[in-house]
Every structure is written in structure tokens, then in C-alpha cells.
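Labels below follow one simple rule: chain letters A, B, ... track the order of the sequence lines, proteins then strands, and each chain is numbered from 1. Not measured: the values here are computed from a predicted model.
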Number of protein chains: 2
Amino acid sequence: MTEDLMTIREMCETYDVTPRTLRFYEAKELLFPIREGQKRLFTKSDRARLKLILRGKRFGFSLEEIRQLLDLYHVGDQQMTQISRTYEIACERLEDMEARREELTQAIDDLKEQLRWGEKVIASVKQDKKAAE
Amino acid sequence: MTEDLMTIREMCETYDVTPRTLRFYEAKELLFPIREGQKRLFTKSDRARLKLILRGKRFGFSLEEIRQLLDLYHVGDQQMTQISRTYEIACERLEDMEARREELTQAIDDLKEQLRWGEKVIASVKQDKKAAE
DNA sequence: CATGTAGATGACGTTCACGTAATGTGAACG
DNA sequence: CGTTCACATTACGTGAACGTCATCTACATG
């Protein structure tokens, strides 16, 4: 068993973050490690949340936005008042993300076209070189 | 014709940014408006670059990363030395972006599943209410 | 017991991406 | 001709997201 609990150092090595970062996320109420005396112990839930935090960051979400998203993913953690309101917000978020993917797809296509153009240029440069020899 | 040149104010309204932002981007060498006396005039190229800047930001790229990407998109603007090197970098970037899209797709699927779960909860809550009446 | 070693707690520093005055300037308008 | 715009520059301010440093505990180890 992984003991289901990890020290701050283990977390840092596993997810490649600094202790400062984990304490910062706790202060911002993104993580809720339990305390054994002074020390923090990170649960499975904390690890799931951290993965989502890091993922969110890669897509340019602010920590505050991520905190709200986390609340959506972990409704079960709290009382389920206003679930349907939460549900609506989640639907909107989903639309955001699908729009983002659309845009990203567009960007990828653009870049691919640019690359095809680049290939042609490279080819013609090689051609010129050959002709010049 | 749109005259192909836009004032800073027109740019701001078109792309919903502040003058400060455009000047900042110029200082960071992301944009290169031409000068008529003191005033900046933004070209078609500047507008294309700005669109890419705003898009990049939405995906969590830093301005410095975006600057490098812009250099890839606008090879034609400069001399074409080291085109093949540029081509390689662009290929790597493309892989980055496709990986990002994969991740985003995964996130979307996760959220969708969460939503289906939420629907079930809502349905059962409604059921409980009905039973309690 | 001295000495690490791992972690905790402030508190201040830093970088990025702009915001926000304060001040200046050239063209246009009444 | 004074004033109002629209734009410019210079410089300092700001919030987010940590980094860094000093200091303090608790525990293990030779």
C-alpha cells in the first residue's frame, strides 16, 4: 500500500512542485491536507485535486477559477445544496472547454498549413542549391 | 477599404484591449506598428499577430513563449536563414499543441461524466422530494 | 548531548502582465 | 488663440503566484 497518505516531500517529488507551492495551495483552500501534529499529510483526494490544479494551469486558468472547478468535481465532499445551480455552472464550463478545443484545433490546423508551406520552401531551397552547383 | 492601417483606438475597440496593452506588446517586440510622426499605425500583420497573441494567452502561454511562436508564424517577414531549424521547432510546437488537445479532450470527458453523475443525483433528489410529499 | 534532517511559520522579495497617474505634444475646433 | 482631443512617454503601482530567507520544532542518530 502507498499508505494513502503522503508527506509534503513525497508530494513534491511525485508532482514536481515545491513545498511552498503546496502550502500556498492550502492557504488558498485548493488543498486540505490533514495534520499529524504539525506536519501535513496529503490524502488521495488532495492528490486528485492537485492533478486537476496542474492541468488547469496548463490551460491558463487562474487558481481562483480552478478552485471553483474543483468545487464542481468534488460536490460529494460537501452537502449537496444547490446542486442544480452547480450543475448549470458545470454545463457552462463544459461549453467553455469545448470552445477552447475548437480553437485549439484551428490553431493546430493553421500551424500544420504553415509547416506544409515550410516544407515547400525547404524543398525549393534545396533545389536552388542543386541548381547552383 | 479599411485603409489597411488602424489607429490605437480602433485596435482597442476591435480586439477589446487597452492602449496600454498594445504599447506593452510593442515594447516586448510582439507587435511592430509603424510610426506616423509620434502616432502608431497598426498594419494587417500586427492584427494577425495580435489575434495569435490573444489566442495564445487563452491557452496559458506566456508572452515570451508567444513571441517565439509568432516568429514561427512569420518566417516570411525576415530573412529565411535557418529555416529548417525553425521547421523543427515548429514541429515540436505542433506536438505540444496536439498533446494539449488530447489532455483537453480528456478533461472534457471527465467533466461530462461528472455531469452525468450530477444528473442522476438531481433526478434522485427530485424522486426523494416526490416520495416525501 | 550535539547534530542533523524534515517540516512549519512568518515576512519580505520577485516576475509577469498590465493599470494608473502625471505630464507633454500636435492637430483640430469654436 | 485657447482649449479640447487623441495620442505619446515616463514612472510608479498592483494582483497573482510563487521564491527566498530567517527562525523555530520535533524527532532520529551517532
What protein N or O atoms touch nucleotides 5-7 of chain D N or O atoms at under 3.5 angstrom, if any, and at what distances?
| unit_1 | atom_1 | unit_2 | atom_2 | d |
| --- | --- | --- | --- | --- |
| D:dC7 | OP1 | B:T7 | OG1 | 3.4 |
| D:dC7 | OP2 | B:R9 | NE | 3.1 |

Tabulate protein N/O versus nucleotide N/O from nucleotides 13-18 of chain C, keeping only pairs under 3.5 Å, one per line.
| unit_1 | atom_1 | unit_2 | atom_2 | d |
| --- | --- | --- | --- | --- |
| C:dA17 | OP1 | B:L63 | N | 2.9 |
| C:dC18 | OP1 | B:K57 | NZ | 2.9 |
| C:dC18 | OP2 | B:Y25 | OH | 2.7 |
| C:dC18 | OP2 | B:K57 | NZ | 2.7 |

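We find that CG of A:L22 is positioned 13 Å from C1' of D:dA17, with the value rounded to whole Å. Atom CE of A:M6 is separated from atom C1' of C:dA6 by 15 Å (rounded to the nearest Å). Note: CZ (B:R35) to P (C:dT25) measures 16 Å, nearest angstrom.
Looking at B:I34 and B:F42, their side chains never come closer than 4.5 Å, going by heavy atoms from C-beta outward. Taking the side chain as every heavy atom from C-beta outward, B:L54 and B:V17 approach each other to under 4.5 Å. Contact check for B:R47 versus B:T14: no side-chain heavy atoms found under the 4.5 Å cut-off. Taking 4.5 Å as the limit, some side-chain heavy atom of A:M97 sits within range of a side-chain heavy atom of B:L111. Between A:R58 and A:R55, some side-chain heavy-atom pair lies under the 4.5 Å cut-off.
Judged by the 6.0 Å and 45° rule, B:R100 forms a cation-pi pair with B:F61.
Using a 4.0 Å cut-off between a side-chain N of Lys or Arg and a carboxylate O of Asp or Glu, B:R49 and B:D46 do not qualify as a salt bridge. Comment: B:R101 does not engage A:E102 in a salt bridge, judged by the lack of any side-chain N to carboxylate O separation of less than 4.0 angstrom.
Taking CE of A:M11 as the start and CG of A:D16 as the end, the distance is 12.5 Å to the nearest 0.5 Å. Between atom CD of residue A:E98 and atom NZ of residue B:K112 there is a gap of 4.5 Å, rounded to the nearest 0.5 Å.
Between the axis at the start and the axis at the end of the helix from C:dC1-D:dG30 to C:dG30-D:dC1 there is an angle of 20°, using five pairs per end and rounding to 10 degrees.
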